[in-house]
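Below is one structure, written out as structure tokens; comments come after it.
When a ligand or atom number is given, it counts from 1 through the structure's own listing order. Note that these values count all heavy atoms, side chains included, but never hydrogens, waters or copies made by symmetry.
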Amino acid sequence: MSNRRSFLKKSLLGSSLILPSGLASASASFFKKSLSEKQKPLILSTWEHGMPANDRAWEVLMQSDNIVDAVEEGVKVTELDMDNLSVGLQGLPDREGIPTLDASIMKGDGSCGTVAFVRQVRHPISLARKVMDETPHVMLAGEGARQFAIAQGFPMEEETLSPRAEEMYQEWKIESKYKPIINIENHDTIGMIGIGADGKMAGSCTTSGLAFKMHGRVGDSPIIGAGLYVDDEVGAATATGLGESIIRICGSFLIVELMRQGRTPQEACEEAVKRLVAKNSKDIKDIQAGFLAVNKDGEYGAYAVHPGFNFAKHHQTDKSLVDSKSWFK
Ligand code: ASP
């Protein structure tokens with residue numbers, strides 16, 4: 001936090017302490033009201049695993065006032081969650097039995113970094129951050145991304161599957177059917193979008209992708225504009241679900257552009273799902289995808305193809321898990 005901002009924050013805290021009690025509570029309720037109306041700062045993330053991730057992001061935001069650090073640190077919680085089968089190295093592997101990871105991070109000024117099809121890296125989101133901060137590029141993939149991780153001092157992890165992932169992989173191998181599997185135990189990609197008190201926005205997205213995907217498959221999560229898009233002038237959006245269906249409509253970019261044209265975050269998410277349904281109509285019964293968006297005023301919305309999608313919301317006066325509405329009821 002800049003000295004001035006930190007000074008202002010401290011001064012405000014201090015001033016409410018020395019005001020007469022009536023005025024102090026009036027001042028407190030004014031701030032409470034304006035925060036809840038504007039919902040800033042605000043952190044949102046996909047699925048229930050977003051709750052602990054948001055807690056961490058909030059903690060970092062309160063300490064640092066840095067929304068990019070907040071969204072990076074927040075999703076790192078999910079990347080380490082051994083119960084999660086769709087984020088991090090403990091996620092379900094590809095058809096060869098290898099976990100490969102995708103991640104992206106973006107700031108509202110257009111800076112972004114992503115990694116795709118990366119192996120042996122515990123925190124792909126931090127690697128994506130390094131791509132953004134330390135290279136002239138936006139995306140590194142596969143072995144190149146791994147070599148960059150080594151050069152940046154990231155430890156290389158063993159590729160041993162977690163016991164649950166190993167069990168599910170062995171079960172899958174009996175038939176080895178290629179069928180995209182989504183919503184496994186309601187764990188999916190974590191996409192996090194946030195807005196700081198200063199109006200700066202950032203987002204992060206990290207996943208082990210589709211279970212039992214073809215080796216080399218990359219989903220929407222590391223594709224800027226598909227799994228994540230952030231623009232301080234308008235808002236931010238992130239996606240979860242079948243990546244191919246989301247890439248086809250540039251889902252997150254579409255939502256931000258719809259908000260730029262005046263739609264609310266909710267209307268923009270609904271329009272994106274409508275577009276996704278139209279472009280994927282043949283298989284739509286088997287496709288789940290969900291979008292989450294926030295605009296620069298801190299209004300938010302979400303919408304999914306099928307019921308079951310939810311998101312975690314965290315702001316000054318409330319943290320909760322919210323069920324999203326969906327196209328199919
Ligand atoms: N969107 C991710 C992908 O397609 C998967 C998911 O969200 O479940 O890789």
Going by distance alone, is a donor N or O of one side chain under 3.5 Å from an acceptor N or O of the other, for E143 and Q147?
-> yes

Can you say whether the rings of W47 and F309 are parallel (under 30°), tilted (30 to 60°) or perpendicular (over 60°)?
-> perpendicular

With a 4.0 Å heavy-atom cut-off (strictly under), which part of D102 contacts ligand 1: side chain, backbone, both or neither?
-> neither

Criterion side-chain hydrogen bond (donor to acceptor under 3.5 Å, both in side chains) on D69 and N66, from CA distance to verdict | CA-CA 6 Å; D69 288 347; N66 184 325; 3.3 Å; yes

T207 N/O to ligand 1 N/O under 3.5 Å = no

Ligand-residue contact atoms, ligand 1 with L210, heavy atoms, under 4.0 Å = 9 (O)

Distance filter under 4.0 Å to T240 heavy atoms, resulting ligand 1 atoms = 7 (O)

Of the listed options V218, T189, L85, closest to atom 7 (O) of ligand 1 (non-hydrogen atoms) = T189

Touching ligand 1 at all, G241? Heavy atoms, strictly under 4.0 Å?
-> yes

Relative to ligand 1, is Q288 under 4.0 angstrom through side chain, backbone, both or neither, heavy atoms considered?
-> neither

Going by side-chain heavy atoms closer than 4.5 Å, which hydrophobic residues are tied to M156, directly or by a chain of links?
-> L89, L101, V115, V118, V121, L127, V131, L140, F148, I150, F154

Is the closest heavy atom of E244 to ligand 1 under 4.0 Å?
-> no

Kindly assign one of parallel, tilted or perpendicular to the pair W172 and F212, based on the angle between their ring planes and the thresholds 30° and 60°.
-> parallel

Under 3.5 Å, N or O to N or O, is G243 touching ligand 1 that way?
-> yes

Can you name the residues that form a ring-ring contact (aromatic ring centres under 6.0 Å, His included) with Y229, not counting sequence neighbours?
-> F253

